[in-house]
**Student:** 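To start, I am sharing the structure in question, which I have written as C-alpha cells.
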Number of protein chains: 2
Amino acid sequence: MSLRHALLALLTVEPMTGYDLSKAFQASVSHVWHAPDSQIYPELRRMEADGLLVGTEVPWGPRGKKREYSVTPKGLDAFRAWMNEPLSYTRERDPAHLKAAYLEWAEPDAARAQMHAHIDAYTARRDDWRDKVREIDTGTSTMLEQRLAHAPASEHASIRAYKRYTYEGLIARAEHEIEWAERGLALIDELNADAPTAAHRTRADAAPPAT
Amino acid sequence: MSLRHALLALLTVEPMTGYDLSKAFQASVSHVWHAPDSQIYPELRRMEADGLLVGTEVPWGPRGKKREYSVTPKGLDAFRAWMNEPLSYTRERDPAHLKAAYLEWAEPDAARAQMHAHIDAYTARRDDWRDKVREIDTGTSTMLEQRLAHAPASEHASIRAYKRYTYEGLIARAEHEIEWAERGLALIDELNADAPTAAHRTRADAAPPAT
DNA sequence: CGGACCATGTAAGCGGTTACATGATTCT
DNA sequence: AGAATCATGTAACCGCTTACATGGTCCG
C-alpha cells in the first residue's frame, strides 16, 4: 500500500495529471520508494475507482487529452490514517547479507567483486541522497518549493526538517553499508593471505600435488 | 531467486527432509532471509523438477512418509554460480523513510509512536542477531557446527568469519536505525515544543480562537 | 486417548518487474 | 520531416503473504 500513499503525498500539494505526477514522482519520492510508470498509471485508476481521487479529462492540443487527478476528502482521510498508524515491520530479507553468510563458497575474486558491487551501489545512492539534501537546503527542489508555497508558513520548518531528517538517515545508512563492504574486502584479503591469486583453486583442488 | 539459493546453501551441508530443512531454515538463514513453510515446500518441489535436487521418499512410522532432498551436481553448480556472480541491486523502497519524509502530516504523538515502533523492531532484530553471533562464538549453533563437521579444517576459519561478519553488519545497521529513530524523537519534540499535547490540533485548527 | 509435534502442502490474492504498445504534440 | 517528449497504458510473469487444509506419529 505504500505506492498508494506516496501518490497521495504528492497530490496533497496540488492536482496533477498522470504524466506530471509521474515526473514529480521520479524527482522526489522515487528516491525513497521506486515505482515505474507501468505501476503508477493503473494505480491512479484504482485509486479513482476507490474514491480516493477524482480524475477529470483535460484536452491537450487539437486531439490529445490527459487526465488530471485531485485528492478527495476520502483520499485525504486515507492518507492521514496511514500517517497516524505505525507501520508494520516485515521480516528481514536481505540478499547481500544472505550471500555474505556463505561467502566461503565464492572464489576470492568473486567475493571481492561482490563487495565492490555493494560499495558502488551504495555510493551511488549516497551521492543521490546528498544531492537531495543539497536541493532541500538551496531551495532547488521544485516539488518541495511547491509544497511549501501551498502550506502555512508555520509549517515550513517541519516540512523541511522531516525531509532533511529522512535523507540524512539514508545517507548514514549508505555510509554504513560502504564501511561494511570495505571491512568485507579486508576480511577476504585476510582469509586468502596465503593464496594471492585464487583463480585456479578448484583446479588445484581437483589435482593435488602428488608427493 | 534468493530463497532457492538459501535452500541450496543449507542442503550443501547434508541431505535433509523438507521438515528438517524448514526447521534448519528457521534456525539459521531465516535471520537473514525469512520464508514460511508454504513457500519452502513448493520451492523444493520446483527445484527437484529443475534438477537441482533429488528427492527420495523415506518411510516414517507404519503409514507415514517424508521426502529427503539432496543436492545434485547441477544444484551445486547453480549455487556456486550464484555465489560467483555479483548481485544486482534493486532500487530503494523503504516504507519507514517514505513515511518519515511526510511526517508533518502525522499527529505528533503518532509520529512518536512510529519512531518507537522503529526502535522496537530494530532492537528486537539487534538482540536476535547478537544471539546469533553468540551462538557462533560458543559453538551452540547446530547448523553451523554441522557445516563445520562436514568441511575441511582449513575452511573452518572462513566459514565462521563470514557468518560473524554478516551478523555484525546487521547489528551495526540495527543500531544505526535505532539511533536514527531516536534523533527522530528529538526532532519531533523540538518541532512541537510550543504544543506539548497536540492531540486536538486539528480541532483547534478547525475552530481558531475568535479575538 | 489426547495433545504435541511431524509432515506437506493448496489457493487466492497482491504488489512489483520487464517488456512492449500506441499515438499525439511540440520543437527545430 | 523527424526527434524529443507528452501521455497512458497492457500483459505475462514472479515471488511473497495469508489463511487454511489434512493426516500421521509419538509419548505420557
Side-chain angles (χ1 to χ4, degrees), chain A residues 1-8 15-27 29-30 32-50 52-53 55-69 82 87-95 98, chain B residues 1-8 15-27 29-30 32-50 52-53 55-69 82 87-95 98:
Chain A
M1 290 284 95
S2 283
L3 173 58
R4 178 163 288 214
H5 298 107
L7 293 170
L8 283 171
M16 270 183 274
T17 66
Y19 187 81
D20 291 342
L21 187 56
S22 160
K23 293 300 147 192
F25 195 96
Q26 305 313 326
V29 248
S30 84
V32 165
W33 190 274
H34 163 78
D37 287 355
S38 67
Q39 215 186 342
I40 293 174
Y41 286 109
E43 182 64 21
L44 288 171
R45 286 288 181 176
R46 253 174 267 127
M47 289 165 76
E48 190 182 354
D50 292 348
L52 306 181
L53 305 179
T56 54
E57 203 120 284
V58 174
W60 163 68
R63 262 183 316 285
K65 56 187 171 169
K66 49 191 180 175
R67 197 164 188 83
E68 191 180 63
Y69 293 98
W82 182 70
L87 284 173
S88 56
Y89 285 76
T90 61
R91 265 170 289 180
E92 203 63 32
R93 195 171 280 127
D94 183 326
L98 169 60
Chain B
M1 289 286 91
S2 284
L3 173 60
R4 178 163 287 214
H5 298 106
L7 293 171
L8 283 171
M16 270 184 273
T17 65
Y19 187 80
D20 291 342
L21 187 57
S22 161
K23 293 300 148 191
F25 195 97
Q26 305 312 326
V29 248
S30 85
V32 164
W33 190 274
H34 164 79
D37 286 356
S38 68
Q39 215 186 341
I40 291 175
Y41 285 110
E43 182 64 22
L44 289 171
R45 286 287 182 178
R46 255 175 267 128
M47 289 165 76
E48 190 182 353
D50 293 348
L52 306 181
L53 305 178
T56 53
E57 204 120 283
V58 174
W60 163 67
R63 264 182 315 284
K65 55 188 172 170
K66 48 190 181 176
R67 197 165 187 81
E68 191 180 61
Y69 294 98
W82 183 70
L87 285 173
S88 56
Y89 284 77
T90 61
R91 266 171 288 181
E92 202 63 33
R93 194 171 283 125
D94 182 326
L98 168 60

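A note on names: the letters A, B, ... follow the listed sequences, proteins ahead of strands, and every chain is numbered from 1. Just the heavy atoms: all of them, side chains too, but no hydrogens, waters or symmetry mates, feed the values below. Since the model is a prediction, treat every value here as computed from it, not as a measurement.
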**Student:** Is the closest basic N to carboxylate O distance between A:D20 and A:K66 below 4.0 Å?
**Tutor:** no
**Student:** Atom OG of A:S30 and atom CZ of B:R93: how far apart are they, to the nearest 0.5 Å?
**Tutor:**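 CZ of B:R93 is found 10.5 Å from OG of A:S30.
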**Student:** Taking side chain to side chain contact (heavy atoms under 4.5 Å, CB included) as the definition, give me every residue that meets it alongside B:H5, ordered by chain and number, with sequence neighbours left out.
**Tutor:**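 B:H5: side chain to side chain contact (heavy atoms under 4.5 Å, CB included) contacts with B:M1, B:L8, B:F79, B:W82.
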**Student:** Quick one: does B:K65's side chain get under 4.5 Å of B:T17's, heavy atoms only?
**Tutor:** no
**Student:** Please give, in whole Å, the distance from C:dT8 C1' to B:I40 CD1?
**Tutor:** 12 Å
**Student:** What are the two closest heavy atoms between A:Y41 and A:Y19, and how far apart are they?
**Tutor:** OH-CA, 3.3 Å
**Student:** Name the pairs: protein N/O against N/O of nucleotides 24-28 of chain C, kept only if under 3.5 Å.
**Tutor:**
unit_1	atom_1	unit_2	atom_2	d
C:dA24	O3'	A:G64	N	3.2
C:dT25	OP1	A:P62	N	3.0
C:dT25	OP1	A:R63	N	2.5
C:dT25	OP1	A:G64	N	2.8
C:dT25	OP2	A:R63	NH2	3.4

**Student:** Going from CD on B:Q26 to CG on B:D37, what distance comes out if it is rounded to the nearest 0.5 angstrom?
**Tutor:** 6.0 Å
**Student:** In degrees, rounded to 10°, what is the bend between the two ends of the helix from C:dC1-D:dG28 to C:dT28-D:dA1, using five pairs at each?
**Tutor:** 10°
**Student:** According to side chain to side chain contact (heavy atoms under 4.5 Å, CB included), who are the partners of B:A35, at least two apart in sequence or on a separate chain?
**Tutor:**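 Side chain to side chain contact (heavy atoms under 4.5 Å, CB included) list for B:A35, sorted by chain: B:L3, B:F25, B:Q39, B:I40.
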**Student:** Determine the minimum heavy-atom distance between A:G55 and A:E48, stating which atoms define it.
**Tutor:**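 Closest approach of A:G55 to A:E48: N-OE2, 3.3 Å.
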**Student:** In the structure I gave you, are the side-chain heavy atoms of A:L52 and A:R4 within less than 4.5 Å of one another anywhere?
**Tutor:** yes
**Student:** From the 5' end of DNA chain D to its 3' end, which nucleotides mark the outer limits of contact with chain B, defined by a 4.0 Å heavy-atom distance cut-off (strictly under)?
**Tutor:**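 Counting from the 5' end, contacts occupy D:dG15 to D:dT25.
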**Student:** Which sits closer to the 5' end of DNA chain C, B:Y41 or B:T90, going by the nucleotide each is nearest to?
**Tutor:**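 Here B:Y41 is the residue nearer the 5' end.
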**Student:** How long is the line joining CG of B:L44 and C1' of C:dA7, in whole Å?
**Tutor:**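 Rounded to the whole Å, the gap is 12 Å.
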**Student:** Check whether any side-chain heavy atom of B:R45 sits under 4.5 Å from a side-chain heavy atom of B:Y69, and report yes or no.
**Tutor:**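 Yes, their side chains come closer than 4.5 Å.
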**Student:** What is the distance from CD of A:E43 to P of C:dG16, rounded to the nearest Å?
**Tutor:**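 Answer to the nearest Å: 8 Å.
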**Student:** Supply the atom-to-atom distance B:E68 CD to B:L53 CG, rounded to the nearest 0.5 angstrom.
**Tutor:**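 Here the rounded value is 11.5 Å.
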**Student:** B:M1 CE to C:dT18 P: how many Å, rounded?
**Tutor:**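 Rounded to the whole Å, the gap is 13 Å.
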**Student:** Decide yes or no for A:L98 and A:E92: does some side-chain heavy atom of the first lie under 4.5 Å from some side-chain heavy atom of the second?
**Tutor:** no
**Student:** Roughly how many Å is it from CD in B:E68 to P in C:dA7, rounded to a whole number?
**Tutor:**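 My rounded result for the distance is 11 Å.
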**Student:** Could you give the CG-to-P distance, from A:D50 to C:dC14, as a whole number of Å?
**Tutor:**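 A:D50 atom CG is separated from C:dC14 atom P by 11 Å.
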**Student:** Indicate the atoms forming the closest heavy-atom contact of A:G18 with A:L44, along with that distance.
**Tutor:**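 The answer is CA-CD1, 3.9 Å.
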**Student:** In residues 16-24 of chain B, which residues come under 4.0 Å of DNA chain D by heavy atom?
**Tutor:**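 Within residues 16-24 of chain B, no residue comes under 4.0 Å of DNA chain D.
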**Student:** Check if the side chain of B:S38 and the base of C:dT8 share a donor-acceptor pair of N or O atoms closer than 3.5 Å.
**Tutor:**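 Answer no: no donor N or O sits under 3.5 Å from an acceptor.
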**Student:** CG of A:L7 versus C1' of C:dG15: gap in Å, rounded?
**Tutor:** 13 Å
**Student:** What is the distance, rounded to the nearest whole Å, between atom CD of B:E48 and atom P of C:dT8?
**Tutor:** 12 Å
